[in-house]
Amino acid sequence: MYAFEIERPTSLSDAVSALKAEGAQALGGGQTLIPSLKARLAMPEVLVSLSAIDEIKGICTDDEGRICIGGGTPHGRVAAELKDSYPALASLAARIGDPAVRNRGTIGGSLANNDPSACWPAAALASDAVIKTDRREIAADDFFAGLFETVLEEGEIVTEVRFPVPQAANYQKFAQPASRFALVGVFVAKYEAGVRVAVTGASESGVFRWTEAEEKLSSDFSAAALEGLSHAAEGMIGDLHGTPAYRAHLIGVLTKRAVAAAG
Amino acid sequence: MSVATPLPHDSAPLHVTGRARYVDDIPAPAGTLHLAFGLSPIARGRIKAMDLAAVRAAPGVVRVLTREDLPNACDTSPSAHDEPLLAEGEVFYAGQAVFLVIATSHLAARKAARLGKVEYEEMEPLLSYDETLAAGAEFEAEPRVWQKGDAGAAIAAAPRRLTGRIEIGGQEHFYLEGQAALAIPDDGGAMHVVTSTQHPTEIQHKVADALGLPMAMVRSECRRMGGGFGGKESQGNALAVACAVAAKLTGRACKMRYDRDDDMVITGKRHDFRIDYDVGYDDGGRIAGIDFTQVTRGGWSMDLTLPVADRAMLHADNAYHLPACRITSHRLRTNMCSATAYRGFGGPQGVLGIERMMDEIAHVLGIDPVEVRRVNYYADCAGGGGGGGPSAPRSAAPSPPERYLEQDRSPGSGHAMSGALAGAGKRFGAEHSPVARPVEPQTTPYGMEVKDFLLNGMTAKLLADCDYAGRRAAIRAWNERSPILKRGIGFSPVKFGISFTLTHLNQAGALVHVYQDGSIHLNHGGTEMGQGLFQKVAQVAAARFGVDVAQVRITATDTAKVPNTSATAASSGTDLNGMAAMAACDAIRERMAECLAGLHQAKPEAVVFEGGEVRVGEAAMSFAQAATLCYENRVSLSATGFYRTPDLAWDRIRGQGRPFFYFAHGCAVTEVAIDTLTGENRILRADILHDVGASLNPAIDRGQIEGGYVQGAGWLTTEELVWDDKGRLRTHAPSTYKIPACSDRPPVFNVELWDGENPEATIYRSKAVGEPPFMLGISAFLALSDACAACGPHYPALDAPATAERVLAAVKRARG
C-alpha cells in the first residue's frame with residue numbers, strides 16, 4: 001500500500017468538509033476501495049472514513065412507509081433486520097460476498113461505486129428507491145450513469161436510501177462460481193403502479209431496467225407472461241466468465257424465476 | 001503390526017495447528033535476501049531494450065540481474081535444456097522471467113520488479129491447436145504413432161462407425177503452498193538449498209549445473225510440501241536456481257516465493273488436449289478398431305510434455321481390450337506457459353478420450369453405457385485379484401513378499417498370489433459380465449499383456465452396491481416428470497499403469513539408523529506433499545522392527561542422505577521407497593538377529609521382532625535393550641536400502657513393451673442434476689470402489705481416493721483456464737479460477753476399498769494410489785452428459801470443463 005492520510009469524522013458535516021480537501025476520497029466499508037488502492041487503480045491522498053458517523057447508520061421506516069437504510073449501514077445488518085419488512089432486500093444483502101464483506105461493506109458505498117456486477121444497484125433501481133445525499137435527493141432512475149459512474153458530485157455522500165416496499169419482490173443472482181459476484185442478477189419488484197425489473201452484471205453500461213418485461217409483467221404478473229420474450233445479446237458483457245449470448249439468456253431465465261419466487 | 005493400519009497422517013496435528021514447517025516458515029539466516037522475477041507481459045517477441053535503472057534505484061534493491069549477469073544460461077528445464085533462467089533476447093510466453101531482482105525483503109523485490117521498462121518487438125504468438133499444427137511447431141520431428149493390428153481395415157469392416165471430437169481443458173495445480181526456495185551458501189562455495197519440491201535430486205542437479213559445481217557440493221532438502229500434484233516436479237527449478245545463483249553472487253542466503261498470481265502465470269499446468277476418434281463397432285457395442293488422434297499444447301518449452309503425451313497414448317485404451325488400434329499424438333510448441341506434470345500425467349486425458357467415445361457409442365445404440373464398457377473390458381485375471389469384496393474379512397496382516405530383493409525372478413512368478421490359486425477365488429459377475437479368458441493373452445495397444453485385470457468383478461460389485469440399475473430407471477422416470485431439472489448418472493472405470501515410463505527412474509534408496517536407545521531414524525528419497533508417503537514408509541519400518549510407528553523418526557528428504565533419487569511422482573512413492581526402506585531395515589535386523597542369536601546360543605532365524613520386543617528363545621527384551629546390546633557388541637546399526645522395479649522394458653518410439661509393473665483399478669458411479677435453463681449443475685452422489693491391493697494404510701488411501709475424485713471432478717466441471725487472444729492467462733487467482741471446495745464434494749460420498757492383494761511383489765502387496773482415483777472424476781462428467789442427453793434425441797457432445805455455459809450448449813445440442 002502507498003502512503004495516504006486518513007480522517008475519521010464523527011459527524012456528517014465534518015465529513016463533508018473533510019471531503020473538500022484536495023485529493024480526498026470517501027471510504028465506506030472499504031471492500032472495493034481498499035483492493036482498488038492496493039492495485040493502484042486509484043490513489044487518493046486522503047481517505048475520509050464514514051464508519052464513525054452514527055447518523056448515517058441504521059434502518060427505520062418513514063411516514064410514507066418506506067424503508068430507510070442509512071448509507072453507512074453494512075449489508076449484514078440489512079440481512080438481519082429486514083427479513084420481515086422487505087425480505088427480498090434482506091435476502092439480497094445476505095448473499096453479498098462473505099461474512100467479512102457483509103460486516104464491513106455498506107449500501108452507500110456499493111451504490112456510489114456502481115460496480116456493474118454489484119447487487120445493490122439492481123435493488124435500488126427495481127424498487128424505485130430514492131438516494132438521499134448530504135445535499136439532495138436523487139431518484140434511482142437518475143442515479144446510475146454507466147460502469148462505475150453515478151451522478152454523485154465530488155465529495156457528495158450517500159446518507160440514506162429509501163425503498164418503497166413492494167407488494168411482492170425477489171432477487172435472483174447467478175453467481176460466478178469463483179468470485180460469487182453476480183454473473184447476472186435480476187431484481188423484480190411489483191408495486192401498485194406497475195412492475196419494475198432491474199438487471200445487474202449483464203450490461204456493458206451497468207445496471208438497467210428491462211422495460212419490455214416490465215410491461216408484460218405489469219399487466220400479468222406471472223412467469224408465463226414472459227413466454228417468448230428474450231433479451232438481445234447486443235450490449236451485454238462478454239468476458240472470461242460468459243459470452244454476451246449466455247448473459248442475455250440468463251436475464252430471461254432469472255427474470256422468470258424471480259417472478260415465480262415473488263409469487 | 002503397523003502396516004494395514006488406518007493411522008492418521010504423521011503431521012496431521014501439525015497441519016491442523018499450523019505448526020508444520022514449510023520453506024517460508026524456516027527461520028532464515030540473518031541478512032537473507034529476497035528475490036522476484038520481472039516478467040514478460042507479452043507472449044512472443046524480441047527484447048529491443050531494457051531500462052532497469054528504476055528497478056536498481058528502488059528501496060531495498062541489492063542487485064538486479066539479466067541474462068548477461070548470469071554465469072551461464074542457468075537452465076531450469078527437466079528435459080531438453082531449453083529453459084534459460086532469464087530470457088535470452090527473446091520471450092516465448094507471457095509470464096517468462098526476463099530479469100531478477102535481489103532485495104532486502106520480499107515486498108521490496110516485488111515492488112521493484114514492476115518498475116522495469118522493457119521494450120519488445122512483438123511477434124504473433126502461436127496459441128490455438130490449428131494454427132500451431134499448421135505452423136508445424138511440434139516438439140518431435142514427427143507425430144508419435146503406435147499401432148496394434150490394422151485399425152483402418154478393422155474400422156472399415158465393422159458394421160458401424162462413428163467419428164467424434166472432444167476438447168479437454170487444462171488445470172491449475174493450486175497447491176496451497178506456492179512455489180518456494182531458500183539457498184544458503186556453505187563453506188568453500190558449496191550450496192544448501194531447501195525447496196518445496198517433489199524432486200530434490202533434480203534441484204540439486206540444476207543448481208550444480210548453474211553454479212558449475214559437482215553435485216556433491218550441493219545439498220537439496222525438502223521436509224514437506226503444502227501440496228504438489230505434479231506442479232513441483234520441475235516447476236521449482238527456477239526458484240532454486242535463482243536463489244543459488246543470487247546466494248553465490250551476494251554471499252548471503254536468498255529466498256524466493258511466488259505470489260499466487262505470479263505462480264499461476266509463470267508455472268505450467270495440466271496439458272489440455274483435443275482428441276479425435278474414429279471407431280468401428282458392432283450392434284452390441286463391441287469395438288473392432290479405433291483411430292485416435294491426440295493433440296496437446298505443450299507450451300513454450302519441452303518440460304515433461306513427451307512423457308505426458310506418451311502416457312495419454314498409454315491410457316487411450318483405458319480398461320478396454322481393443323483388437324485393432326492406432327494412436328497418433330501431436331505435441332505442440334505454443335507460446336503459453338510450459339504445460340507440466342499433473343496428477344495422472346496425461347493418463348486422465350487419454351482415458352477421457354475413450355470414455356467419451358464409449359458414451360457416444362452407447363447413445364447411438366440406445367443401450368446402457370455400462371454395458372458397452374463391459375463388453376469391451378479386458379478379462380479379469382483368474383481369481384479376480386484374490387478378492388473378497390470390501391465386506392470380506394480382511395486378512396490379519398498381508399504377508400510381505402519373501403523374495404522382494406531378487407531381481408531375477410522367473411517371468412510371471414509374481415502372479416502366484418498368496419491365498420488365491422488361479423481360478424479358485426470367487427468372482428463377482430453379473431449376467432452380462434464377459435467370461436474370463438485366461439488362456440489367450442490379451443494385450444494393450446502397446447503390446448503389454450494384461451494379467452491382473454479386476455474391473456469385471458469390481459464393476460459388478462459397485463453396480464450392485466449402489467443400485468445402479470434401479471437408480472438409473474428411477475432417474476429416467478424422474479426426468480420424464482421434470483421438464484426443467486434433469487438428473488444424470490454416469491459410470492467410469494480406470495485401469496492405470498504403475499511405473500515411470502522412463503524405465504531407469506524406477507529406483508529408490510533409503511537410509512535407516514537405529515540408535516542405541518532403540519529409536520529409529522528413517523530417511524528415503526521420496527518427498528511428502530501431504531499424500532501420506534512418510535507415514536506409510538514409517539509403518540513399513542516399524543513393522544520390520546516390530547515396534548510402534550511412533551518409535552520411527554521421519555526426516556526430511558535430503559540428497560546428502562540418499563542420493564540419485566527420482567521425483568516423487570507416477571504414484572510410485574510408496575512402491576519404491578517402501579521397498580528401499582524395508583531393505584535397509586532388514587539389513588540392520590539381520591545383523592541384530594545374528595548378534596543376539598550368538599549371545600543366546602540360538603539361530604538368527606529364531607530371533608523374533610514383534611510387539612516392541614525382541615525374543616530369542618526364552619529370552620525377551622525391549623527393542624531398546626536389544627539395540628543397546630548390539631551397540632555394545634559393536635554391531636553396525638545403520639544401513640542403506642535400494643530397490644529397482646523388476647521386469648520393465650519399454651521402447652517409446654515403437655510403442656512396444658512392458659512400461660508398467662502392474663495396473664491399479666477403480667470404478668465410480670456419479671449422479672448429478674442440471675438446470676436445463678442455465679446449465680447450473682451439481683453432484684448429488686458418488687459411489688467408488690477402488691483397488692489399492694492390500695492397503696498399507698486404509699485411512700490415508702481413502703483420503704487419496706476422495707481427494708483424487710474431487711480434484712478430477714473439479715478439472716472437468718468448474719476449473720476453467722482462460723487465455724486471451726494475446727496469449728495472456730486471464731484466470732490467475734481464486735477470484736476467477738474455481739477449484740472445488742469442501743462444500744463441492746458430493747453430499748453422499750461412498751468410498752470402498754477393493755479387498756485384494758497385488759499379484760506383483762510390491763511392498764506388502766499394496767498398490768499405488770496417488771493418481772488412479774483422479775480419473776474417477778470422469779464419472780461426474782459422464783453423468784452431466786447423461787443429464788444433457790435426457791433433454792433430446794441427439795448426442796450432447798459435451799466438452800470439458802463442463803461449465804454452466806457449456807452444459808447449456810450441450811442441452812441445446814441434445815434438443816437439436
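Residue numbers start from 1 in every chain, and the chains themselves are labelled A, B, ... in the order their sequence lines are given, proteins ahead of strands. Everything numeric in this text was worked out from a predicted model, so none of it was measured.
With chain B as partner, the option from A/S179, A/G242, A/G252, A/A245 having the largest number of non-hydrogen pairs under 4.5 angstrom is A/S179.
Here the options are B/V710, B/I683, B/T717, the test is side chain to side chain contact (heavy atoms under 4.5 Å, CB included), and the partner is B/P740; only B/V710 passes.
Of all non-hydrogen atoms in B/S128 and B/R297, the two that sit nearest each other are CA-NH1, 4.1 Å.
In this structure, chain B has a heavy atom under 4.5 Å from the side chain of A/L250, while its backbone stays farther away. Heavy atoms of B/D675 lying under 4.5 Å from chain A belong exclusively to its side chain. Using a 4.5 Å cut-off between heavy atoms, A/R257 touches chain B through its side chain atoms alone. For a residue to count as touching a neighbouring chain, one of its non-hydrogen atoms must lie under 4.5 Å from one of that chain's; by this rule B/L677 touches chain A with backbone and side chain alike. Contact annotation for A/H241: both backbone and side-chain heavy atoms come within less than 4.5 Å of a heavy atom of chain B. Looking at B/A804, the atoms closer than 4.5 Å to chain A (heavy atoms on both sides) sit in the backbone and in the side chain alike. For a residue to count as touching a neighbouring chain, one of its non-hydrogen atoms must lie under 4.5 Å from one of that chain's; by this rule A/F174 touches chain B with the side chain only.
Between B/Y737 and B/H732, the distance separating the two ring centers is not shorter than 6.0 angstrom.
Listed by first then second residue, pairs satisfying salt bridge (Lys or Arg N to Asp or Glu O under 4.0 Å) with a partner in residues 219-238 of chain A read A/E227-A/K256, not counting sequence neighbours.
With B/D263 contributing its side chain and B/G178 its backbone, the two residues share no donor-acceptor pair below 3.5 Å.
One finds no salt bridge joining B/K738 and B/E719 here, because no Lys/Arg side-chain nitrogen approaches an Asp/Glu carboxylate oxygen to under 4.0 Å.
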